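Note sheet for the following structure.
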Protein chains: 2
Amino acid sequence: MSKKNNSVEVICPLDYAFRRIGGKYKGRILWYLKSNEVMRYGELKRAVTDITTKMLTQTLRELEEDALISRKVYHELPPKVEYSLTDEGAEMLPFIDYLRHWGAKQMEKREMVDLKC
Amino acid sequence: MSKKNNSVEVICPLDYAFRRIGGKYKGRILWYLKSNEVMRYGELKRAVTDITTKMLTQTLRELEEDALISRKVYHELPPKVEYSLTDEGAEMLPFIDYLRHWGAKQMEKREMVDLKC
DNA sequence: CAGTATCCCCCTAGATACTG
DNA sequence: CAGTATCTAGGGGGATACTG
């Protein structure tokens, strides 16, 4: 994130936006959070098929840094952490949703198996 | 493209869509094509700052394969090739635009220099 | 439960040279 | 003008083991 945001020069707003939500799992995470309002770490881990803990943590931190999601820690044992969309994150939903439909249409055209999200 | 589309298994429509328009330059190319209706290869090369011919060609081919742009070749000397949005490509514009605005807002918040697109 | 910490591979993208 | 063809580097992402 620091690299994406600082070291690598940003060309324009569109370029910036794509880098911020362009990770391999970001779209799906935002999407799952939409449907569930609030999700725990383990829940997300199960929802985002095949993601590793490393990538999940890393992606969640980037989304948090960009103020697209918020992270609430309950200091108890066992630990409990809840993730949810911020208002800004919710602003991305129309876009995400449109992409989903576009993707589904494309997959149908190409006769690919649609596993849904 | 063959790899992205075939070898690597697609998880869901959202995942698929992100791979298709998630390249480093795709958003900007679609955006420039919107403003100009039709653009020649060299024009695009100048518009998309710092892109190499290899990446430009590769990206244009992928967009064409996904039916987001069309490519018209004039068989004359010197060669002339024009690129334009398809109807399907044009369908992406509202969302590209949405992303641009979101990106601009974010950049302002972070006091980054906005070079426009 | 919710993460860290390493090690490592591969793929995207960049640099450079060449061509019908 | 509109591309190909190679070669290469960097970093995003994967696998695995460990922890407060």
Side-chain angles (χ1 to χ4, degrees), chain A residues 1-11 15 18-29 32-33 38-66 69-84, chain B residues 1-11 15 18-29 33 38-65 69-84:
Chain A
M1 151 71 222
S2 47
K3 276 180 205 163
K4 283 200 233 170
N5 208 3
N6 303 324
S7 327
V8 180
E9 72 287 12
V10 171
I11 306 296
D15 184 53
F18 264 109
R19 290 195 207 171
R20 302 263 52 85
I21 64 153
K24 184 170 181 183
Y25 303 102
K26 286 184 181 175
R28 289 167 69 202
I29 289 178
Y32 292 133
L33 285 176
V38 68
M39 288 178 88
R40 297 182 60 176
Y41 185 89
E43 254 182 298
L44 277 166
K45 176 82 168 63
R46 265 169 271 124
V48 185
T49 321
D50 294 332
I51 196 173
T52 60
T53 57
K54 179 199 161 196
M55 283 312 296
L56 181 55
T57 302
Q58 184 178 308
T59 306
L60 289 170
R61 292 290 133 81
E62 288 182 19
L63 289 171
E64 194 192 355
E65 227 180 306
D66 288 325
I69 65 172
S70 67
R71 178 171 180 265
K72 183 171 185 183
V73 184
Y74 295 85
H75 295 283
E76 48 186 56
L77 279 175
K80 178 177 169 184
V81 179
E82 285 179 346
Y83 294 91
S84 57
Chain B
M1 153 72 220
S2 49
K3 275 180 204 163
K4 284 198 231 170
N5 209 2
N6 303 324
S7 329
V8 180
E9 73 286 12
V10 171
I11 305 297
D15 185 52
F18 264 108
R19 290 193 207 171
R20 301 263 51 89
I21 65 152
K24 185 171 180 182
Y25 303 101
K26 288 185 181 174
R28 288 168 70 202
I29 289 177
L33 285 177
V38 68
M39 288 178 87
R40 297 181 60 175
Y41 185 89
E43 255 182 298
L44 277 165
K45 176 82 168 63
R46 266 169 271 124
V48 185
T49 320
D50 293 333
I51 197 173
T52 60
T53 57
K54 179 199 159 197
M55 284 311 296
L56 180 56
T57 301
Q58 185 178 308
T59 307
L60 289 170
R61 292 291 134 80
E62 287 182 19
L63 289 171
E64 194 192 354
E65 225 179 310
I69 66 173
S70 67
R71 178 173 180 265
K72 183 172 187 184
V73 184
Y74 294 85
H75 294 284
E76 47 186 54
L77 280 176
K80 177 176 167 183
V81 180
E82 286 179 346
Y83 294 92
S84 58

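Given the structure is predicted, the values throughout are model-derived calculations rather than measurements. Naming: A, B, ... by sequence-line order, numbering from 1 per chain.
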From [X] [atom1] over to [Y] [atom2], what is the distance, rounded to the nearest 0.5 angstrom?
{"X": "T57(A)", "Y": "L44(A)", "atom1": "OG1", "atom2": "CG", "value": "10.5 Å"}
{"X": "E65(A)", "Y": "L60(A)", "atom1": "CD", "atom2": "CG", "value": "12.5 Å"}
{"X": "Y25(A)", "Y": "I11(B)", "atom1": "OH", "atom2": "CD1", "value": "7.5 Å"}
{"X": "E62(B)", "Y": "R19(B)", "atom1": "CD", "atom2": "CZ", "value": "12.5 Å"}

*Of all residues at least two apart in sequence or in a different chain, which pass the side-chain contact (heavy atoms from CB on, under 4.5 Å) check with T53(A)?*
Y41(A), K45(A)
*Partners of T49(A) by side-chain contact (heavy atoms from CB on, under 4.5 Å), sequence neighbours excluded?*
R28(A)
Just the rounded figure in Å: distance from [atom2] of [N] to [atom1] of [X].
{"X": "Q58(B)", "N": "dA2(D)", "atom1": "CD", "atom2": "C1'", "value": "16 Å"}
{"X": "L60(B)", "N": "dT4(D)", "atom1": "CG", "atom2": "C1'", "value": "15 Å"}
{"X": "R19(B)", "N": "dG13(D)", "atom1": "CZ", "atom2": "P", "value": "11 Å"}
{"X": "I29(A)", "N": "dG13(D)", "atom1": "CD1", "atom2": "P", "value": "11 Å"}
{"X": "Y41(A)", "N": "dT19(D)", "atom1": "OH", "atom2": "P", "value": "17 Å"}
{"X": "R20(B)", "N": "dT12(C)", "atom1": "CZ", "atom2": "P", "value": "10 Å"}
{"X": "E43(B)", "N": "dG3(D)", "atom1": "CD", "atom2": "P", "value": "13 Å"}
{"X": "D15(A)", "N": "dA13(C)", "atom1": "CG", "atom2": "P", "value": "11 Å"}

*Determine whether T59(B) and V48(B) make a side-chain contact, defined as any pair of heavy atoms from C-beta on separated by less than 4.5 Å.*
no
_If you define the side chain from C-beta out and look only at heavy atoms, does anything of M55(A) sit under 4.5 Å from Q58(A)?_
yes
*Using heavy atoms and a sub-4.0 Å distance, could you list which residues of residues 45-55 of chain B are near DNA chain D? By number, please.*
T53(B), K54(B)
*Strand-adjacent residues in residues 70-84 of chain B, judged by heavy atoms under 4.0 Å from DNA chain D*: R71(B), P78(B), P79(B), K80(B), V81(B), Y83(B)
With a cut-off of 3.5 Å and sequence neighbours excluded, list every side-chain donor-acceptor pair involving residues 69-79 of chain B.
from	atom 1	to	atom 2	distance (Å)
S70(B)	OG	S84(B)	OG	3.2
R71(B)	NE	Y83(B)	OH	3.2
Y74(B)	OH	E82(B)	OE1	2.9

_Please determine whether a side-chain nitrogen or oxygen atom of R40(B) lies at a distance below 4.0 Å from atom OP1 or OP2 of dC1(D)._
no
*R61(B) side chain N/O closer than 4.0 Å to the phosphate oxygens (OP1, OP2) of dT4(D)?*
yes
_Quick check against the 3.5 Å criterion: does K26(A) have a side-chain atom that pairs as donor or acceptor with the backbone of R20(A)?_
yes
*If you write DNA chain D from 5' to 3' in dot-bracket form, with Watson-Crick or G-U pairs under 3.5 Å, [ ] for crossing pairs and | for pairs with another strand, what do you get?*
||||||||||||||||||||
*Select one nucleotide: of dG3(C), dA13(C), dA2(D), the one nearest the side-chain heavy atoms of T57(A).*
dG3(C)
*Could you tell me which non-hydrogen atom of V38(B) sits nearest to which non-hydrogen atom of E43(B), and how far apart they are?*
O-OE1, 4.3 Å
